S.K.: 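Shown below is the structure under consideration.
On a predicted model such as this, the values are computed, not experimentally measured, just so you know. Just so it is clear: chains get the letters A, B, ... in the order the sequence lines come, proteins before strands, and each one is counted from 1.
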Number of protein chains: 2
Amino acid sequence: MTPLEHKRPMKKADLEDRIRAVDLRPTKQRIALAELLFSDGNRHITAEKLHSEALDAGVRISLATIYNNLHQFTTAGLLREVVVDSSKSYFDTNVDPHHHFFHEQNGTLEDIHSGDLTVSNIPELPDGTEISSIDVIVRISPDNNS
Amino acid sequence: MTPLEHKRPMKKADLEDRIRAVDLRPTKQRIALAELLFSDGNRHITAEKLHSEALDAGVRISLATIYNNLHQFTTAGLLREVVVDSSKSYFDTNVDPHHHFFHEQNGTLEDIHSGDLTVSNIPELPDGTEISSIDVIVRISPDNNS
DNA sequence: TAAGCTCTTTAGAAAGATTCTAAAGTATTG
DNA sequence: CAATACTTTAGAATCTTTCTAAAGAGCTTA
């Protein structure tokens, strides 16, 4: 995270408001997940990883609840799902349009801010269709010499 | 497929050569898969779909063999894997650099030839990394009015 | 605050895709 | 043809994600 970047260490009440704002009940589990997800900058996380973070933080929560809420948050626009690996799903707390670096070595994602990469020359779309999103993944790996 | 597009209805001997060329033995199963994959223009196919096509074509082949060979062909550069859906893998017979339309409605892929779409302004890469590939997925869905 | 209703959570089962195992089969080489 | 190495296969196993149905918790009203 760069020094000037937006950051918001959220209070619990703010998190509750944020959950209420999307018409979900602020349960203990949701608040705990929201805290893990939204308290400290942008994150890219898998269900399994979020689950273990929650357990490590002392929150008793089942994996099913993790999945339920990741999907509900995504539907509500609080998260966005990123497809980079055919074996698991990543959820991104940055819901503004942007792209990603994917470190193939360790399965880690890094944001590319929207202005930093341009897609142009998009060909005519198939008839009767419209764009629902454009995803650019720049897959990177450790280079030979360094 | 457009009228002027490259097409090569391959003979069985050509397929065998192609398999030998990547140091694999031309078994009955490999030849049958190569025929389904490479005989008629570019394809985007899942393991399950290829399996059922093979069975329909009267080729006795197990799903494990499908997976084995899809991976071996991919490693050999005869196929390329496209990640668009977190629940299954697609294999593309077009191994030249290019991008994709993904029809969200029916899970279908369509090539965007390399010259038809440009990615520019790629930001500086993280230290010690190099690009291994750039994937652009233009996700499309049926539009409201048509 | 109690009742009642709805939404949530949960454990465990189930599903779906992919990989693994180890044994039987086949291509290749000499 | 024999010896060797590579392949195929059925079925089990694994992994991620979803489902089920029962118990629990938040919310509204009186």
Side-chain angles (χ1 to χ4, degrees), chain A residues 12-13 15-36 44-55 57-76 78-79 81-91 107, chain B residues 12-13 15-36 44-55 57-76 78-79 81-91 107:
Chain A
K12 204 159 165 180
L15 294 168
E16 284 200 28
D17 289 349
R18 194 151 173 185
I19 292 168
R20 279 215 178 75
V22 296
D23 289 312
L24 294 172
R25 292 180 181 175
T27 63
K28 184 184 299 251
Q29 291 84 345
R30 280 198 184 118
I31 294 167
L33 292 183
E35 194 162 8
L36 290 169
H44 303 92
I45 197 167
T46 63
E48 200 60 63
K49 185 108 195 0
L50 183 57
H51 188 215
S52 65
E53 284 192 12
L55 297 184
V59 180
R60 263 185 69 269
I61 187 170
S62 75
L63 191 53
T65 300
I66 299 279
Y67 277 103
N68 286 166
N69 283 300
L70 284 174
H71 289 141
Q72 289 164 329
F73 285 3
T74 299
T75 300
L78 263 30
L79 291 176
E81 191 174 350
V82 183
V83 179
V84 279
D85 180 323
S86 54
S87 75
K88 45 179 159 304
S89 294
Y90 286 74
F91 293 85
Chain B
K12 204 159 165 177
L15 294 167
E16 284 200 29
D17 290 349
R18 194 152 175 185
I19 291 168
R20 279 215 178 76
V22 297
D23 289 313
L24 294 172
R25 293 179 179 176
T27 62
K28 185 186 297 255
Q29 292 84 346
R30 280 200 185 116
I31 294 167
L33 292 184
E35 194 163 7
L36 290 170
H44 303 93
I45 197 168
T46 62
E48 201 61 64
K49 186 107 192 3
L50 183 57
H51 189 215
S52 65
E53 285 192 11
L55 297 184
V59 181
R60 262 186 69 268
I61 186 169
S62 75
L63 192 52
T65 299
I66 299 278
Y67 278 104
N68 285 166
N69 284 300
L70 285 174
H71 289 141
Q72 288 164 328
F73 285 4
T74 299
T75 299
L78 263 31
L79 292 176
E81 192 175 349
V82 183
V83 180
V84 279
D85 179 323
S86 53
S87 76
K88 48 178 157 305
S89 294
Y90 286 74
F91 293 85

S.K.: Distance check needed: dT18(D) P versus Asn68(A) CG, whole Å only.
M.R.: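 Rounded to whole Å, this separation is 9 Å.
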S.K.: Identify, between Ala47(B) and Ile66(A), the residue whose nearest nucleotide on DNA chain C lies closer to the 5' end.
M.R.: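 Its nucleotide being nearer the 5' end, the pick is Ile66(A).
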S.K.: Hey, mind stepping through Ile66(A) and Glu48(A) against side-chain contact (heavy atoms from CB on, under 4.5 Å) and telling me if it holds?
M.R.: CA-CA 8 Å; Ile66(A) 299 279; Glu48(A) 200 60 63; over 6 Å; no
S.K.: Under the criterion side-chain contact (heavy atoms from CB on, under 4.5 Å), I'd like the reasoning laid out for Thr46(B) against His51(B): C-alpha separation, chi angles, the key distance, then a yes or no.
M.R.: CA-CA 9 Å; Thr46(B) 62; His51(B) 189 215; over 6 Å; no
S.K.: If you look at every strand shown and take non-hydrogen atoms under 4.0 Å, does His71(B) touch a base, only sugar-phosphate, or nothing?
M.R.: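 The answer is sugar-phosphate, as His71(B) gets under 4.0 Å only of primed atoms, P, OP1 or OP2.
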S.K.: Any donor and acceptor pair, going by atom type alone, linking the side chain of His71(B) with main-chain N or O of Tyr67(B) inside 3.5 Å?
M.R.: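 The answer is yes, because a donor-acceptor pair under 3.5 Å joins these two groups.
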S.K.: Just call it for Thr65(B): base, sugar-phosphate, or nothing, with non-hydrogen atoms closer than 4.0 Å on any strand.
M.R.: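 Answer is base: heavy atoms of Thr65(B) come under 4.0 Å of a base.
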S.K.: If I take atom CG in residue Asp23(A) and atom C1' in nucleotide dG26(D), what distance separates them, rounded to the nearest angstrom?
M.R.: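 Rounded to whole Å, this separation is 14 Å.
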S.K.: Please figure out whether Arg60(B) or Ser89(A) has its closest DNA chain D nucleotide nearer the 5' end.
M.R.: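 First, find each residue's nearest nucleotide; the 5'-ward one identifies Arg60(B).
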S.K.: Could you state the CD1-C1' distance from Ile45(A) to dT17(D), rounded to the nearest angstrom?
M.R.: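 Value for this atom pair: 17 Å.
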S.K.: How many angstroms lie between OG in Ser52(A) and CD1 in Ile45(A), if you round to the nearest 0.5 Å?
M.R.: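 The OG atom of Ser52(A) sits 7.5 Å away from the CD1 atom of Ile45(A).
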S.K.: So which one's nearest nucleotide on DNA chain D is more toward 5', Ser86(B) or Lys28(B)?
M.R.: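 Going by which nucleotide is closer to the 5' end, it is Lys28(B).
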S.K.: Give one of base, sugar-phosphate or nothing for Leu63(B), where a contact means two heavy atoms less than 4.0 Å apart.
M.R.: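 Base contact.
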S.K.: Would you please test Lys88(A) and Ser86(B) for side-chain contact (heavy atoms from CB on, under 4.5 Å) and show each step?
M.R.: CA-CA 6 Å; Lys88(A) 45 179 159 304; Ser86(B) 53; over 6 Å; no
S.K.: What pairs of nitrogen or oxygen atoms, one from the protein and one from nucleotides 1-4 of chain D, lie under 3.5 Å apart?
M.R.:
none

S.K.: Would you classify Thr46(A) as touching base, sugar-phosphate or nothing, given that sugar-phosphate means primed atoms plus P, OP1 and OP2, and contacts are heavy atoms under 4.0 Å?
M.R.: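 Since no nucleic acid heavy atom lies under 4.0 Å of Thr46(A), the category is nothing.
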S.K.: Between P on dT17(D) and CG on Asp85(B), what's the gap in Å once rounded to a whole number?
M.R.: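 Whole-Å distance recorded here is 12 Å.
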S.K.: Scan Asn69(B) against the nucleic acid and name what it touches under 4.0 Å (heavy atoms): base, sugar-phosphate only, or nothing.
M.R.: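 Since only primed, P, OP1 and OP2 atoms lie under 4.0 Å of Asn69(B), the category is sugar-phosphate.
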S.K.: Side chain of Tyr67(B), heavy atoms from C-beta onward: which of dT18(C), dT10(C), dT9(C) has the nearest atom to it?
M.R.: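 Closest nucleotide to the Tyr67(B) side chain: dT18(C).
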S.K.: Between Arg20(B) and dA27(C), is there a contact of a side-chain N or O with OP1 or OP2 at under 4.0 Å?
M.R.: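 No, no such contact exists.
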S.K.: Select one nucleotide: of dC27(D), dA10(D), dT17(D), the one nearest the side-chain heavy atoms of Lys88(A).
M.R.: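 Looking only at side-chain atoms, Lys88(A) lies closest to dT17(D).
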S.K.: Grab the CG-P distance between Leu24(B) and dT7(D) for me, whole Å please.
M.R.: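 So the CG-P distance, Leu24(B) to dT7(D), works out to 6 Å.
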S.K.: Test side-chain contact (heavy atoms from CB on, under 4.5 Å) on Phe73(A) and Leu24(A); report intermediate values, then the result.
M.R.: CA-CA 9 Å; Phe73(A) 285 3; Leu24(A) 294 172; 4.0 Å; yes
S.K.: Rounded to the nearest 0.5 Å, what separates atom CD in Gln29(B) from atom CG in Asn69(B)?
M.R.: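 Going from the CD atom of Gln29(B) to the CG atom of Asn69(B) covers 8.0 Å.
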S.K.: Apply side-chain hydrogen bond (donor to acceptor under 3.5 Å, both in side chains) to residues Gln72(B) and Arg30(B) and explain how you reach the verdict.
M.R.: CA-CA 10 Å; Gln72(B) 288 164 328; Arg30(B) 280 200 185 116; 3.2 Å; yes
S.K.: Whole Å only: how far is the CG atom of Leu70(A) from the P atom of dT18(D)?
M.R.: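 Going from Leu70(A) (CG) to dT18(D) (P), I get 10 Å.
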S.K.: Taking only N and O in the side chain of Gln72(B), is any of them less than 4.0 Å away from OP1 or OP2 of dC6(D)?
M.R.: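 It does not, given that no N or O in the side chain of Gln72(B) lies less than 4.0 Å from OP1 or OP2 of dC6(D).
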S.K.: Of the candidate nucleotides dC19(D), dT8(D), dT8(C), which contains the atom at the shortest distance from the side chain of Thr27(A)?
M.R.: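 Minimum distance to the Thr27(A) side chain belongs to dT8(C).
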S.K.: Can you check the Ile19(A) CD1 to dT9(C) P distance for me, whole Å?
M.R.: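 Rounded to the whole Å, the gap is 9 Å.
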S.K.: Within the structure, does a side-chain N or O atom of Ser87(A) lie under 4.0 Å from either OP1 or OP2 of dC15(D)?
M.R.: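 It does not, given that no N or O in the side chain of Ser87(A) lies less than 4.0 Å from OP1 or OP2 of dC15(D).
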S.K.: Between C1' on dT8(D) and CD on Gln29(B), what's the gap in Å once rounded to a whole number?
M.R.: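 So the CD-C1' distance, Gln29(B) to dT8(D), works out to 6 Å.
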